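Input: a single structure, listed below in structure tokens.
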Amino acid sequence: MNKHILYLDEPASEWELASPVGCGSMGAMVFGGVTRERLQLSEESIWAGGKIDAVREDFRDKIEKIRELLLAGHAPEADEYATEALGDSFFRIKSQETAGDLYIDFDGENQCDNYRRELDLLHGVSTISFERDGEKYIRETFASYPKRVIAARHTGPHSARVSYARSANSVKPPFPENDDPRVGVKSIAAKDGELLINAAPAVGGTEFWVRVKVKTDGELKSDGEYLVVSGAKRTEYYIAIGVGYVPELPECDYDSLKKEAADDFASLMGRSDITLHGEGSDELDSLPVNRRIERLIADESLCDAGLAALYFEFGKYLLVSSSRRGTLPANLQGVWNGYINAPWNNDYHTNINLQMNYWHAEVANLAECAEPLFDYMNKYLLESGRETARVNYRCRGTVVHHLSDIYGFTAPADGLWGLWPLGGAWLCINMWDHYLYSGDDDYLRNVAYEYIRDSARFFLDYMFEDKDGRLLSGPSTSPENRYFCEGKPSFLCLSPTMDVEIIGCLLRMYIETENILGINPDWADEARAALGKMPPLKIGKYGQLMEWMEDWDEPEPGHRHISHMFALYPDCAISDKTPEFYAAARKTLERRLANGGGHTGWSCAWLICLFARLHDADGAAAMVHKLFAHSTRTNMFDSHPPFQIDGNFGASAGIAELLMQSHNGCISLLPACPSEFESGSFTRLMARGGVEVSAEFKDGKVISGKLYARRAYTGRLVYNGTERELKLAAGETYEF
């Protein structure tokens with residue numbers, strides 16, 4: 001069985017169960033129906049709304065009042081005041097939207113034999129195959145990054161009607177009786193073997209065009225707004241989407257287009273690999289994935305090591321499909337969206353979700369797939385964040401709150417939980433991590449430096465000294481969580497633990513950046529002085545790491561966010577080198593889980609990473625089981641619910657973290673490998689320091705390994721209970 005094939009034995013009954021293909025800027029969800037094929041189309045910049053004038057000159061004055069209330073211990077009053085006084089400062093952004101649906105309705109019966117729906121993760125091709133009346137039917141779909149086109153080919157005797165629709169409730173086929181299948185559609189023209197659709201987002205935004213070219217060996221006619229194929233054995237479809245312009249379709253041969261796209265896709269997917277074997281792996285690997293997921297849902301005590309490896313590959317696949325050079329970064333659903341009004345607007349949530357989308361990019365050897373994130377930060381957020389910092393906060397630097405969009409929104413949004421100015425600072429950690437893996441000083445100077453510097457400068461101005469000489473941040477929140485103060489649940493606070501951890505990490509890496517580049521050493525001194533005045537981490541009455549400066553209880557002790565675990569992962573300020581806080585982190589996770597935590601897909605993914613950092617193989621394995629049983633759809637999409645792609649990406653990072661870790665100057669092999677992974681291997685996972693790491697293992701022990709240094713590396717290697725010093729020259733290979 002090809003381990004890079006995600007095999008299903010049924011068509012998709014709903015949008016979240018379809019098969020995704022994508023080329024970074026465009027995507028399609030393939031439903032795989034026998035008598036109706038539905039290709040739901042997406043383009044990254046089809047977005048309602050527009051730039052919001054979000055600056056408020058009196059905002060800082062109101063912030064000062066909130067600080068006074070919080071310093072006096074009146075958090076409920078601070079919440080009430082902020083709700084009223086900042087009511088016009090909490091904005092609502094609009095949604096990213098679907099590009100619509102291409103429907104291909106075939107003549108014939110729905111019954112068939114030997115149905116298979118496959119997703120070739122290595123080459124980026126979706127294939128539907130079945131047999132009927134002695135004939136073999138094959139329907140392929142893929143997206144070409146080199147040509148920016150989605151293509152499909154259907155073989156087998158067929159006649160079909162080709163149509164387009166864009167429905168307000170387009171995730172639920174067929175359309176409800178009262179649903180309008182033409183939302184935003186201005187015109188549909190069927191002519192000369194093409195459909196040309198002109199449409200626009202529901203509110204504001206930029207109009208767009210969808211162009212569909214049909215080629216067939218049968219007869220092809222136009223019928224109103226439809227194309228009709230008759231008597232064909234082979235039909236090809238080429239789809240392009242242009243936002244603000246009418247797209248052109250490349251003149252190309254289907255087989256050549258497919259080979260070019262597949263080779264391009266495999267050049268990224270083939271860089272790293274994980275293989276895992278466990279009890280019953282050979283038998284399980286031959287089953288369709290939907291049956292494997294259903295098996296784990298039915299009995300959570302069961303294991304499927306091969307499914308964990310496939311999940312890692314699927315996470316890579318989704319990133320390569322939704323984040324390529326020159327495109328926007330992956331949003332809450334990657335590049336796929338079947339909605340007019342998407343869940344959480346399908347936006348860029350920056351209080352963990354956008355960051356989590358890229359947790360696996362570096363370790364999976366897909367560094368250039370993270371470049372769209374850095375481009376977005378510099379081109380869309382940096383200048384807008386400077387205006388928000390200057391006008392709203394009267395601070396230097398740049399700031400981003402808990403979400404953004406393609407119009408560069410950086411101000412507070414939604415409500416009190418949006419008064420959290422740490423989003424841009426957290427994004428800097430992704431930038432810095434890219435440097436730790438690559439060691440590229442040119443990247444640090446020309447791409448990362450300005451954003452990291454300005455994020456640090458914001459907090460140097462935003463923080464203030466209390467009577468004890470501590471530098472505090474706030475008003476802020478511990479993302480989306482509340483605590484009891486004066487007997488009432490409250491959001492707003494000063495210096496929640498996550499603020500202390502993120503700002504501390506930001507200042508440390510800014511200081512190190514100045515040490516490397518030497519551009520503004522005086523500002524590094526300012527950051528160094530501020531770092532020494534920040535509040536310390538504390539341990540609370542349950543033995544847990546405190547989430548706030550005071551040891552408050554919370555109304556949701558099993559809250560989905562575990563924000564104060566930031567220092568354990570993705571940062572590494574808490575580690576086995578800080579044993580007291582390391583033990584407190586474990587208590588924190590135990591308490592969260594005992595109260596129902598990890599009940600969303602992305603939260604469960606984070607827990608895999610956190611248990612991996614605690615070197616707790618059993619705890620990590622339990623979270624992998626929970627992810628599959630409670631938060632994974634039968635096509636392997638993560639479910640919040642509904643679908644949210646960050647869980648796929650975060651869990652992919654977590655699975656890699658079980659097998660190899662690289663922080664604090666140490667490469668560690670099998671630091672948290674579950675016993676159910678009886679044997680396996682990983683190839684060319686990337687370690688910080690620029691080292692490609694490969695190893696083969698059995699029964700929890702490494703039996704062989706290879707390290708290849710892309711650049712000079714000095715550090716430690718830990719495996720099988722041994723530790724040794726390593727010093728590798730650039731280009732050197734070390735085998736053991």
Side-chain angles (χ1 to χ4, degrees), residues 51-93 350-351 381-404 408-425 454-480 482-483 485-486 488 490-496 498-500 502-503 506 526 530 533-535 548-550:
K51 186 170 180 60
I52 297 172
D53 180 10
V55 296
R56 295 288 183 268
E57 292 189 1
D58 62 348
F59 186 85
R60 178 61 185 256
D61 299 324
K62 296 171 182 176
I63 289 294
E64 294 294 343
K65 173 64 175 178
I66 297 169
R67 283 180 173 177
E68 291 174 10
L69 291 168
L70 292 171
L71 284 169
H74 302 313
E77 190 177 338
D79 277 14
E80 291 172 9
Y81 171 79
T83 299
E84 180 178 349
L86 298 178
D88 66 345
S89 299
F90 294 129
F91 296 90
R92 296 276 183 178
I93 67 170
T350 52
N351 63 2
L381 300 182
L382 179 58
E383 197 56 48
S384 174
R386 283 170 173 161
E387 184 181 28
T388 300
R390 178 179 58 81
V391 180
N392 282 30
Y393 288 99
R394 301 171 196 162
C395 292
R396 299 172 298 172
T398 191
V399 63
V400 178
H401 293 76
H402 88 290
L403 57 79
S404 190
F409 183 82
T410 57
D414 296 344
L416 292 181
W417 58 93
L419 194 54
W420 180 80
L422 277 295
D454 277 23
S455 294
R457 290 174 73 180
F458 172 80
F459 285 101
L460 292 174
D461 285 0
Y462 181 63
M463 291 190 293
F464 65 98
E465 276 197 35
D466 71 354
K467 60 182 177 58
D468 297 319
R470 299 176 302 179
L471 274 181
L472 305 184
S473 62
S476 186
T477 70
S478 189
E480 301 182 32
R482 297 175 296 168
Y483 60 95
C485 183
E486 298 179 347
K488 296 180 181 179
S490 302
F491 271 116
L492 298 181
C493 60
L494 297 174
S495 287
M498 190 187 214
D499 275 30
V500 175
I502 291 180
I503 297 169
L506 173 65
E526 186 181 355
K533 293 183 177 182
M534 294 189 64
W548 297 274
M549 283 206 300
E550 303 296 331

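Only heavy atoms go into these numbers, but all of them, side chains included; no hydrogens, no water, no symmetry mates. Nothing here was measured: the structure is a model prediction, and the numbers come from that model.
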Would you say that [X] contacts [Y] through its side chain, given a criterion of any heavy-atom pair below 4.5 Å between the two side chains?
X: C395; Y: R60; result: yes
X: P412; Y: F59; result: yes
X: L419; Y: F90; result: yes
X: L472; Y: M549; result: yes
X: R470; Y: S495; result: no

Could you tell me which non-hydrogen atom of [X] sits nearest to which non-hydrogen atom of [Y], and how far apart they are?
X: A530; Y: M463; value: CB-CE, 4.4 Å
X: L471; Y: P535; value: O-CD, 3.2 Å
X: V500; Y: M534; value: O-CE, 3.6 Å
X: A389; Y: R396; value: CB-O, 3.9 Å
X: R56; Y: S89; value: CG-OG, 3.5 Å
X: I502; Y: A425; value: CG2-CB, 3.7 Å

Return the [atom1] to [atom2] distance between [X] and [Y], rounded to the nearest 0.5 Å.
X: N392; Y: L86; atom1: CG; atom2: CG; result: 9.5 Å
X: D414; Y: I93; atom1: CG; atom2: CD1; result: 7.5 Å
X: L494; Y: D499; atom1: CG; atom2: CG; result: 9.5 Å
X: L492; Y: L69; atom1: CG; atom2: CG; result: 10.0 Å
X: W417; Y: T477; atom1: CH2; atom2: OG1; result: 10.5 Å
X: K62; Y: R67; atom1: NZ; atom2: CZ; result: 16.0 Å

Inset, instruction - Check the pair E550, C485 against side chain to side chain contact (heavy atoms under 4.5 Å, CB included), reporting the backbone distance first and the verdict last. - result: CA-CA 10 Å; E550 303 296 331; C485 183; over 6 Å; no
Inset, instruction - Assess whether side chain to side chain contact (heavy atoms under 4.5 Å, CB included) is satisfied between M498 and W420, documenting all intermediate values. - result: CA-CA 11 Å; M498 190 187 214; W420 180 80; 4.0 Å; yes
Legend entry - Y393-H401 aromatic ring centre distance below 6.0 Å: yes
Are the side chain of [X] and the backbone N or O of [Y] linked by a donor-acceptor pair below 3.5 Å?
X: T398; Y: L382; answer: yes
X: T410; Y: T388; answer: no
X: S404; Y: F409; answer: yes
X: R394; Y: E57; answer: yes

Inset, instruction - Inspect the surroundings of CD in E84 and state if more than 12 heavy atoms from other residues, nucleotides or ligands are less than 6.0 Å away. - result: no
Legend entry - Pair D466-K533, salt bridge (Lys or Arg N to Asp or Glu O under 4.0 Å): steps then yes or no: CA-CA 10 Å; D466 71 354; K533 293 183 177 182; over 6 Å; no
Inset, instruction - Give me the ring orientation class for F459 and Y462: parallel if the planes are under 30° apart, tilted from 30 to 60°, perpendicular past 60°. - result: perpendicular
